[in-house]
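Reviewing the structure listed below.
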Protein chains: 2
Amino acid sequence: MKAEDNGRPRSRRLPREVRERQILDAAVEVFAARGFHNASMDEISEVAGVSKPMLYAYLGAKDELFIACVRRESTLLIETIGGAAESDLPPVEQLWRALRVFFEYVQRNRAGWTVLHRQTNSQGEPNVAELVEWRERAMVLIAELLARATDGSAQPMQPQQTEPFAAALAGAGEALADWWVDNPEHTADGLAMRLMNMVWMGFGDLVEGRTWTPAE
Amino acid sequence: MKAEDNGRPRSRRLPREVRERQILDAAVEVFAARGFHNASMDEISEVAGVSKPMLYAYLGAKDELFIACVRRESTLLIETIGGAAESDLPPVEQLWRALRVFFEYVQRNRAGWTVLHRQTNSQGEPNVAELVEWRERAMVLIAELLARATDGSAQPMQPQQTEPFAAALAGAGEALADWWVDNPEHTADGLAMRLMNMVWMGFGDLVEGRTWTPAE
DNA sequence: TCCATTACCTACTCGCGAGTAAGACTACGT
DNA sequence: ACGTAGTCTTACTCGCGAGTAGGTAATGGA
């Protein structure tokens with residue numbers, strides 16, 4: 001009478017594809033909670049409900065596993081934002097949509113976002129290449145969005161203008177997403193609108209009572 | 001003929017006070033380059049030009065050493081910004097000065113800034129308390145600055161308005177400081193002015209050619 | 001029914017790095 | 001000259017966690 005002593009009765013003999021997803025899910029969760037270095041393969045395997053050698057067999061060593069997480073999450077996020085921005089709406093509207101889906105993504109996928117955000121900013125890990133690349137793609141996306149927003153306006157912006165602006169905008173968005181954790185009473189839309197107001201109107205306008213509101 | 005085999009001839013028998021500074025300097029440097037977890041006490045001791053037990057004797061265990069670094073750097077930064085903002089200049093001008101000294105601090109003290117910034121955002125380390133506290137103080141400082149800037153204007157802002165704005169502003173500043181690393185041709189003043197323009201004017205204004213410039 | 005393949009596990013090795021034991025050297029006061 | 005307080009070192013221990021060796025058991029095709 002050995003039986004399942006304790007814990008969940010480890011679902012057994014699942015096809016590789018399913019296990020890989022479970023492992024990735026667990027890895028994202030643990031990496032988000034502990035950071036790359038403090039996350040142990042043992043804990044990930046435990047959360048995944050699978051033994052450690054499986055991780056190595058399916059996803060490779062620790063940094064490969066981490067990279068797989070980053071790849072999956074960043075692809076999802078970038079495609080989400082890219083999709084929202086690709087339309088023939090006026091550029092301001094595109095920006096508004098992009099911000100909205102960003103905060104919605106963060107809400108639905110806090111762990112994934114944490115991995116992308118918290119780990120990207122903490123260098124010294126062996127992960128550099130993939131993380132740098134995802135950030136790069138995100139920046140290009142945002143910069144394009146901004147550039148389009150100025151096309152045909154009085155002062156079309158040059159890349160050397162939009163680039164730092166894109167960086168600052170991304171930073172503001174990330175900071176707001178962090179702030180959200182401690183102020184969960186706000187909605188994704190509310191956050192997006194706040195940020196839109198800051199970006200589009202600026203403090204000088206807001207103080208004078210000029211605000212931005214989405215078109216109906 | 002033992003002699004100094006190699007490397008610098010380790011200055012010997014210095015007073016404690018001096019050694020502590022050397023150790024802190026080395027620690028900040030290494031923590032910035034590698035991150036908390038990847039920094040080894042061995043490397044710090046080597047950079048400091050001192051043997052490992054000295055670190056433990058003078059500054060305590062690894063996390064205590066780290067906390068000492070954070071304390072020193074955050075105090076310096078916050079007092080610098082606080083000092084620049086404390087004046088009876090018009091609020092806009094105060095903000096402008098605060099941004100300027102911030103970027104100047106980052107320029108002069110890249111390693112210290114990296115420790116404060118990169119490590120604060122990467123949780124899972126045992127450092128939480130001190131890092132949370134420093135960020136808290138920084139936020140309060142910025143929020144006050146913003147609140148003052150709206151006093152007596154048409155739409156004085158409530159704390160629940162300034163708080164997320166402060167978070168976003170800080171995030172934008174941090175992101176811009178990061179961006180600076182890859183674009184070192186810019187000056188601290190230039191960066192501060194860019195950010196001031198984003199914060200005060202907003203994209204909508206900039207596109208129309210309305211910009212902010214410092215008063216002479 | 002038997003073999004091959006694929007899923008999966010227990011139980012290790014082994015290096016790296018935090019932290020320490022135990023003492024050595026120097027300077028200064030008396 | 002000699003103790004004592006403070007500086008500083010070499011040379012360890014020891015646990016944690018990455019990665020693996022070597023096997024078991026279920027499934028599906030012949």
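Throughout, protein chains are lettered first and strands after them, A, B, ... in sequence-line order, and every chain is numbered starting at 1.
In this structure, CZ of A:R16 is placed 19 Å from P of D:dT27, rounded to the nearest angstrom. In this structure, B:E43 places its CD atom 14 Å from P of C:dC16, rounding to the nearest Å. The nearest whole Å value for the distance from the NE2 atom in B:H37 to the P atom in D:dG17 is 8 Å. Between the CG atom of B:L14 and the P atom of C:dA27 there is a distance of 12 Å, given to the nearest Å. Look at CD on B:E64: it is 13 Å from C1' on C:dA18, rounded to the nearest Å. One can place CD1 of A:I23 at 11 Å from P of C:dA7, the figure rounded to the nearest angstrom. Between the CD atom of B:E46 and the P atom of C:dG17 there is a distance of 12 Å, given to the nearest Å. For B:I44 and C:dG19, the CD1 to C1' distance is 13 Å, given to the nearest whole Å.
The base of D:dC8 lies outside donor-acceptor range of the side chain of B:R13, with no N or O pair under 3.5 Å.
The nearest heavy atom of DNA chain D to A:A39 and to B:K52 marks one nucleotide each, and the one closer to the 5' end goes with B:K52. For the pair B:E17 and A:P53, nearest-nucleotide mapping onto DNA chain D gives the more 5' position to B:E17.
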Donor-acceptor pairs under 3.5 angstrom involving side-chain atoms of residues 159-170 of chain A: please list them, not counting sequence neighbours.
| unit_1 | atom_1 | unit_2 | atom_2 | d |
| --- | --- | --- | --- | --- |
| A:T162 | OG1 | A:P159 | O | 3.2 |
| A:E163 | OE2 | B:W179 | NE1 | 3.0 |

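Looking at residues 54-61 of chain A, you'll see A:M54, A:Y58 sit with a heavy atom under 4.0 Å from some atom of DNA chain C.
Judged by the 6.0 Å distance and 45° axis criteria, A:K62 is not positioned over the aromatic ring of A:Y56.
Looking at heavy atoms from C-beta onward, A:V70 lies out of side-chain contact with A:F31 at the 4.5 angstrom threshold.
Looking only at atom types and distance, the side chain of B:Q22 has a donor-acceptor partner in the side chain of B:R19 under 3.5 Å away.
The neighbour count for B:R97 CZ, taken as heavy atoms of other residues, nucleotides or ligands under 6.0 Å away, does not exceed 12.
For the side-chain contact (heavy atoms from CB on, under 4.5 Å) test, residues two or more places apart in sequence or in another chain that qualify with B:M201 are B:N197, B:D205, B:L206, B:R210, B:W212.
A sub-4.0 Å separation between OP1 or OP2 of C:dC8 and a side-chain N or O of A:R19 is present.
Classified by interplanar angle (parallel below 30°, tilted 30° to 60°, perpendicular above 60°), the ring pair A:F103/A:W180 is perpendicular.
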